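So the structure is just underneath, and the comments pick up after that.
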Amino acid sequence: MRALRPGRELAIDLGTANTLVFVRGEGIVVFEPSVVAIDERSGDVHAVGEEARKMIGRTPAAIRAIRPLRHGVFADFDVTAAMLRYFIERSGGGAFSRVVLWVPSGITEVERAAV
């Protein structure tokens, strides 16, 4: 087994309302609403986090601002993945030696596999 090389460690708390990203040695680097604005025609992400939250109820018909997590579980896996990619990039991106993801303790086996 290969040992992890020293590097940055990342912790993500995926919440229904907000997502928090913590980087060891730096502290909380992201604390934003768990909201994504997506173009329903193309699937392109237009905004994530606070910017997307401001778009709720104010988007053109083709753009939808949604919360990809409902009741602590994935309502839309692909949109959640896009949101995670964005927040990881916001936290400095690059390689991490360890990533810890917090999710609710009551998730199902299917949801656990998705994580």
Side-chain angles (χ1 to χ4, degrees):
M1 178 155 77
R2 259 182 354 178
L4 293 174
R5 60 183 186 157
R8 298 173 63 207
E9 294 181 341
L10 180 77
I12 303 171
D13 179 4
L14 269 179
T16 301
N18 294 297
T19 295
L20 181 135
V21 180
F22 175 89
V23 177
R24 180 171 278 179
E26 297 176 34
I28 296 171
V29 295
V30 173
F31 182 72
E32 291 203 37
S34 300
V35 181
V36 178
I38 191 163
D39 187 320
E40 291 186 329
R41 295 171 299 192
S42 66
D44 293 340
V45 173
H46 284 273
V48 178
E50 184 61 33
E51 187 179 344
R53 186 195 63 77
K54 291 177 182 176
M55 295 174 77
I56 293 174
R58 298 184 173 114
T59 61
I63 297 176
R64 183 172 53 121
I66 63 166
R67 293 186 178 274
L69 299 154
R70 289 209 173 78
H71 307 294
V73 296
F74 300 147
D76 188 319
F77 179 79
D78 293 330
V79 175
T80 302
M83 181 180 75
L84 277 172
R85 278 191 295 278
Y86 173 81
F87 287 143
I88 289 170
E89 192 62 36
R90 283 270 325 271
S91 64
F96 293 95
S97 61
R98 181 174 304 155
V99 176
V100 178
L101 183 64
W102 273 272
V103 295
S105 61
I107 62 175
T108 67
E109 286 302 315
V110 172
E111 292 161 342
R112 186 179 309 266
V115 171

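Residues: numbered from 1 along the sequence shown. Since we're looking at a predicted model, the values are computed, not measured. Every heavy atom of this structure was used, including side-chain atoms; hydrogens, water molecules and symmetry mates were not.
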Full working for side chain to side chain contact (heavy atoms under 4.5 Å, CB included) between L10 and I88: CA-CA 9 Å; L10 180 77; I88 289 170; 3.9 Å; yes

Any non-hydrogen side-chain atom of [X] less than 4.5 Å from a side-chain atom of [Y]?
{"X": "V45", "Y": "Y86", "value": "no"}
{"X": "I66", "Y": "V35", "value": "no"}
{"X": "T59", "Y": "H46", "value": "no"}
{"X": "T19", "Y": "V30", "value": "no"}

Gap separating the [atom1] atom of [X] from the [atom2] atom of [Y], nearest 0.5 angstrom:
{"X": "R53", "Y": "R67", "atom1": "CZ", "atom2": "CZ", "value": "8.0 Å"}
{"X": "L14", "Y": "T80", "atom1": "CG", "atom2": "OG1", "value": "7.0 Å"}
{"X": "F77", "Y": "L69", "atom1": "CZ", "atom2": "CG", "value": "11.0 Å"}
{"X": "S97", "Y": "R8", "atom1": "OG", "atom2": "CZ", "value": "10.0 Å"}
{"X": "D76", "Y": "I38", "atom1": "CG", "atom2": "CD1", "value": "7.0 Å"}
{"X": "I12", "Y": "F87", "atom1": "CD1", "atom2": "CZ", "value": "9.5 Å"}

Are V36 and L101 linked, directly or through intermediate hydrophobic residues, by side-chain heavy-atom contacts shorter than 4.5 Å (ILVMFWY only)?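 Yes, one cluster joins them.
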
Looking only at non-hydrogen atoms, find the nearest pair between [X] and [Y] and report the distance.
{"X": "S34", "Y": "G15", "value": "OG-O, 2.7 Å"}
{"X": "A52", "Y": "A37", "value": "CB-N, 3.6 Å"}
{"X": "K54", "Y": "R58", "value": "O-NH1, 3.3 Å"}
{"X": "M83", "Y": "P68", "value": "SD-CG, 4.0 Å"}

Could you give me the CA-CA distance, side-chain angles and deciding distance for L20 and I28, then say whether side chain to side chain contact (heavy atoms under 4.5 Å, CB included) is met? CA-CA 7 Å; L20 181 135; I28 296 171; 3.8 Å; yes

